[in-house]
Number of protein chains: 2
Amino acid sequence: MANKMGYLSCLDTVKPVRDAIEVINGKWKLPIIISVMTGNERFTDIQESIPGVTPKVLAKELKDLEQHQLIKRVVINDYPVKILYKPEPYADTLTPIIEALKGWGLNHRKKIFEKE
Amino acid sequence: MANKMGYLSCLDTVKPVRDAIEVINGKWKLPIIISVMTGNERFTDIQESIPGVTPKVLAKELKDLEQHQLIKRVVINDYPVKILYKPEPYADTLTPIIEALKGWGLNHRKKIFEKE
DNA sequence: TATTTCACTTTCCTTTGGGAAAGTACTATA
DNA sequence: TATAGTACTTTCCCAAAGGAAAGTGAAATA
């Protein structure tokens, strides 16, 4: 079967981009990763560092991020038990994405304020 | 008022990242931008270049992207009327984000296949 | 003994995203 | 005249995202 499409294929780029989006999708995953990478380890610290996040959402997203091996949940058996969230080394691979989004967001905000 | 928080502030990064996410959120916006930047101009071409996108979703996302000045809708008054979607120069500013996501997605897929 | 803290969970509810399928208005082509 | 293509819109529906508020259980602190 030959080439019968009238459009230009862009799957080379679209497919991996979609794979990445699936992992970091939603409003909260990247902010949570950023908070944990910044050094926030406790549930309530992470929650307070991200305005608007509710405990329900935070608990769910932390589980998702753990499954993707981006953070780990560490239980410390002192009395009382402490729970810490730490970034996994794999989280570092997201830095270029985070930096690109940060740069774009900064510039976008500037653009919006200037023009409108 | 002094510093009374027990957590580390990460708003410097979280805020602009959230601004960026708001613009490119969802499953389809980046794939559509990629398709248009690749050179697909016609509605059906864009649709066919992105497996799974429905006309309803595509129409809605194209409008969103137009509002954000990332693409423009051009009406050509031949008979029949032609409608073309073209990238705006501002779309180019997304390239670092797209490249970062592409690189990450490629590597992630490799990681998944190797390990599990 | 009462209150607070921590790390959640539970319930309820609304909004948003998005898929399936059909329809539409126009024009071109056979 | 009939069929096909273009660029959508419309309707219906479902699932997931996400917000608000309260609850929970254990332990520390006042």
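Hydrogens, waters and symmetry mates are skipped; everything else that's a heavy atom, side chains included, is used. Quick note on labels: first sequence line is chain A, next is B, and so on, each numbered from 1.
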Return the value, rounded to whole Å, for the distance between atom [atom1] of [X] and atom [atom2] of [N].
| X | N | atom1 | atom2 | result |
| --- | --- | --- | --- | --- |
| A/Tyr7 | D/dT6 | OH | C1' | 17 Å |
| B/Ile83 | D/dT6 | CD1 | P | 13 Å |
| A/Asn40 | C/dC6 | CG | C1' | 15 Å |
| A/Lys82 | D/dA28 | NZ | P | 12 Å |
| A/Asp78 | C/dA7 | CG | C1' | 16 Å |
| A/Leu84 | C/dA7 | CG | C1' | 12 Å |
| B/Glu48 | D/dT6 | CD | P | 8 Å |
| A/Glu66 | C/dC8 | CD | P | 10 Å |

**OP:** Might you confirm whether atom NZ of A/Lys82 has over 12 heavy atoms from other residues, nucleotides or ligands at distances under 6.0 Å?
**Re:**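 Not more than 12 within 6.0 Å, no.
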**OP:** Tell me whether the OP1 or OP2 atom of D/dC8 has a side-chain N or O from B/Arg42 closer than 4.0 Å.
**Re:**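 For D/dC8, neither OP1 nor OP2 has a side-chain N or O of B/Arg42 closer than 4.0 Å.
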**OP:** May I ask you to evaluate whether B/Tyr85 reaches the phosphate of D/dC8, defined as a side-chain N or O under 4.0 Å from OP1 or OP2?
**Re:**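 Looking at the OP1 and OP2 atoms of D/dC8, one of them is under 4.0 Å from a side-chain N or O of B/Tyr85.
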Subject >> Among C/dA7, D/dA28, C/dC8, the one nearest A/Pro80 by side-chain distance >> reply: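 So the nucleotide nearest the side chain must be D/dA28.
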Original post:
Which heavy-atom pair separates B/Thr38 from A/Ser9 by the least distance, and what is that distance?
Top reply: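 The answer is CG2-O, 3.9 Å.
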**OP:** Give a yes or no answer on whether the side chain of B/Ser49 reaches the backbone of B/Ile46 with a donor-acceptor pair at less than 3.5 Å.
**Re:**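 Checking the backbone N and O of B/Ile46 against the side chain of B/Ser49, a donor-acceptor pair under 3.5 Å is found.
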Subject >> Spacing of A/Lys102 atom NZ and B/Arg18 atom CZ [to the nearest 0.5 Å] >> reply: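 Interatomic distance, A/Lys102 NZ to B/Arg18 CZ, rounded to 0.5 Å: 16.0 Å.
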Original post:
Rounded to the nearest 0.5 Å, how far apart are CG of B/Leu8 and CD of A/Glu41?
Top reply: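 With rounding to 0.5 Å, CG (B/Leu8) is 9.0 Å from CD (A/Glu41).
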**OP:** Hey, which sits more toward the 5' end of DNA chain D by its nearest nucleotide, A/Val81 or B/Thr44?
**Re:**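 The residue whose closest nucleotide sits nearer the 5' end is B/Thr44.
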Original post:
Which letters describe nucleotides 11-19 of chain D, given B = protein heavy atom under 4.0 Å from base, S = only from sugar-phosphate, - = neither?
Top reply: BB----SBB
**OP:** Can you label the angle between the B/Tyr90 ring and the A/His108 ring as parallel, tilted or perpendicular, going by 30° and 60°?
**Re:**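 Geometry flag for A/His108 against B/Tyr90: parallel rings.
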Original post:
Is it the case that B/Asn25 and B/Lys29 place a side-chain donor and acceptor less than 3.5 Å from each other?
Top reply: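 Indeed, the side chains of B/Asn25 and B/Lys29 share at least one donor-acceptor pair under 3.5 Å.
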